[in-house]
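Proteins get letters first, then strands, A, B, ... in listed order; numbering begins at 1 in each.
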Protein chains: 2
Amino acid sequence: MDVQRLELLRELADRGSVTAVALATHRTPSAVSQQLKVLEREAGLPLTQRQGRGLVLTDAGRALARSATDVAVSLAKATALWDEFRNQASGEVSLVTFPTAGQMLLPGVIKKLGADLVLNCADEDPELSDFPAFTAEYDIVLAHSMSGQLSWAGRGLTVVPLMTEPLDVGLPVGHPLADRVWVGPRDLVGETWIGVTDGYPFERILHAIEQEAGARLSMSQRFADLALIESFVIAGLGIALVPRYTSGGGQPGRLVLKPLRGIESERQIVALMRPDRAERLAVRTVIEELQAEAARVQQSHTEP
Amino acid sequence: MDVQRLELLRELADRGSVTAVALATHRTPSAVSQQLKVLEREAGLPLTQRQGRGLVLTDAGRALARSATDVAVSLAKATALWDEFRNQASGEVSLVTFPTAGQMLLPGVIKKLGADLVLNCADEDPELSDFPAFTAEYDIVLAHSMSGQLSWAGRGLTVVPLMTEPLDVGLPVGHPLADRVWVGPRDLVGETWIGVTDGYPFERILHAIEQEAGARLSMSQRFADLALIESFVIAGLGIALVPRYTSGGGQPGRLVLKPLRGIESERQIVALMRPDRAERLAVRTVIEELQAEAARVQQSHTEP
DNA sequence: ACGTCCATGTAGAAAATCTACACGATGTAT
DNA sequence: ATACATCGTGTAGATTTTCTACATGGACGT
């Protein structure tokens, strides 16, 4: 039984089409198809099945693909081990993030990394995209979820928590609530809100506020971009829920943040990885730096 | 990084020479040497080292070989999984045993196995040979050790206990002690003993008897073969320590067995395997049958 | 000193795997 | 309905990888 073939099956499970696997592994679709055929012949039972013009795995195929992950993990552990012997976290690591986390963490991380470890970053809009799906393409995926919510369970991905960031209420200077130490759900009814695009995780907290206060919030605008939201708040067009550590980057002093009490108001920032990639020494190094940087950010907001 | 090459490194760790690896993997020594060279070049650090006319692993090499085992295990699990899908424990399984265990267990086991699972058995003299070393050559190694003694720890082998067999005192019919229900160390001084060859595990118990009784035992002969020992006992030339379930096979009724009290007198019969081979479905099937047969033997000696 | 055993180079054979291209099936747009 | 794009899969040949056969040189035992 050949590992490369198993790996191909796993890629097929992750990416869903022969062409995608071929593209990802720098091969022609024909080569992939041939190898899968050999694997199937060796297995002695059908692993794939045509569906329309595409190809889906059978139950047996899925099971095999799952065990292929274990093989990949132990293999990655082996390579990591010998990287440790040479103690060089070399190579390239790719990463996607949603904008605010990237702005908060990445500059600090990249400065810490040695010259022989290249970190290729990209950003993706969190609402448009399925975070776990990116683990096929990128080594590390920075994602956020609300606390308690286990959005990424059960897919067999490695999840490393990086930080929990409070979500505060953002107010313009001079707002009646701006003198308060904290605000509660009842203080917030009657305000005009700048909301996030539908489906965005912050949504849940706004619903919780409504539930707690017993009234609907009036939502005038809906944006995805944080800087845009903030500019509206600063302009006095409404108030908004904003992440504590990443807000006010552009115009400091013109936005007032108030902790929200009575409601669990925070988001979890995590790193998602395919288990085998998580074992790579270079990846582990980056993760450690991400954790350190996250701790640093958190500390700098609590101490001064 | 290639798995086949890693596997070769592991074989080298197990077998100790390029030639042996080549022989075991049906290749020429040159091919093995070349692959190891490639692996070393990929690793970027020396994995092997010449010693005399042979080749030994460096620390890094040993570490890599160890992690290669994990890879082999997960790979074996994958193949086992798909064997389960076809539910066929097919293929061949090789086994070595020491004579008495083979005589006790193997006939029953082989009868239970299906026609598509071939069990190739061989026997080896336990005193001459290093049991763990056989795991390189055979899938399953039946070995015995005294209770409490962990002869096969720390080599990274899978150990499956099959049974604990009491070691009784074998007497000729008509012997003064033959009427007793059991015998103690003190009853046994003054007797003439038929002993086992030096280094044999039974040796320990004889020493324990001497220690307990406070006197040396007179040892007239030393044999390795159990049937030979028994024939001496039956002929009235002495008494001997014999395993309860395997003795008296040849001449029933002419040998009397008495339990030995006051001393832990039993041997542990175990199956030794390389971890990866232990995962194979066919191997697991044989192991299960071995356990069942062992239980059956044990039961048939306690009940009637 | 001699033969033996072992690992390792080299050259070419053998095997495995890939690319290029064609084909049929299946959706989608016009 | 027709034309077109997409997707997987065959086939033939090129490419790459890995093996064998044989030769070489060092280490050990007699």
Whether each nucleotide of nucleotides 18-30 of chain D has a protein heavy atom under 4.0 Å at its base (B), only at its sugar-phosphate (S) or at neither (-) is summarised, 5' to 3', as SBBB----BSS--
Test B:V21 against every option in B:L9, B:L12, B:D14 by the side-chain contact (heavy atoms from CB on, under 4.5 Å) rule and name the one that passes.
->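 Exactly one candidate clears the test, B:L12.
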B:K37 side chain N/O closer than 4.0 Å to the phosphate oxygens (OP1, OP2) of C:dG9?
->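 Yes, such a contact exists.
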Is there a side-chain polar atom (N or O) of A:T19 under 4.0 Å from OP1 or OP2 of D:dG8?
->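 For A:T19, the contact criterion (side-chain N or O under 4.0 Å from OP1 or OP2 of D:dG8) is met.
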Specify whether B:H144 and B:F98 have parallel, tilted or perpendicular ring planes, treating 30° as the upper limit for parallel and 60° as the lower limit for perpendicular.
->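 Correct class here is tilted.
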Residues two or more places apart in sequence or in another chain: which of them pass side chain to side chain contact (heavy atoms under 4.5 Å, CB included) with A:A78?
->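 With sequence neighbours excluded, A:A78 shows a side chain to side chain contact (heavy atoms under 4.5 Å, CB included) to B:M1, B:L6, B:S67, given in chain and number order.
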Nearest-angstrom distance from the residue atom [atom1] of [X] to [atom2] of [N]:
X: A:L12; N: D:dC7; atom1: CG; atom2: C1'; value: 12 Å
X: B:R15; N: C:dC5; atom1: CZ; atom2: C1'; value: 19 Å
X: A:L39; N: C:dA16; atom1: CG; atom2: C1'; value: 15 Å

Does the side chain of A:S30 come under 3.5 Å of the side chain of A:Q34 through a donor N or O and an acceptor N or O?
->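 Result is yes, a qualifying pair exists.
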Would A:R267 and A:T100 count as having a side-chain donor-acceptor pair, cut-off 3.5 Å?
->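 Side chains of A:R267 and A:T100: pair found under 3.5 Å.
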Chi angles and distances behind the side chain to side chain contact (heavy atoms under 4.5 Å, CB included) call for B:F134, B:I140 | CA-CA 8 Å; B:F134 280 117; B:I140 302 175; over 6 Å; no
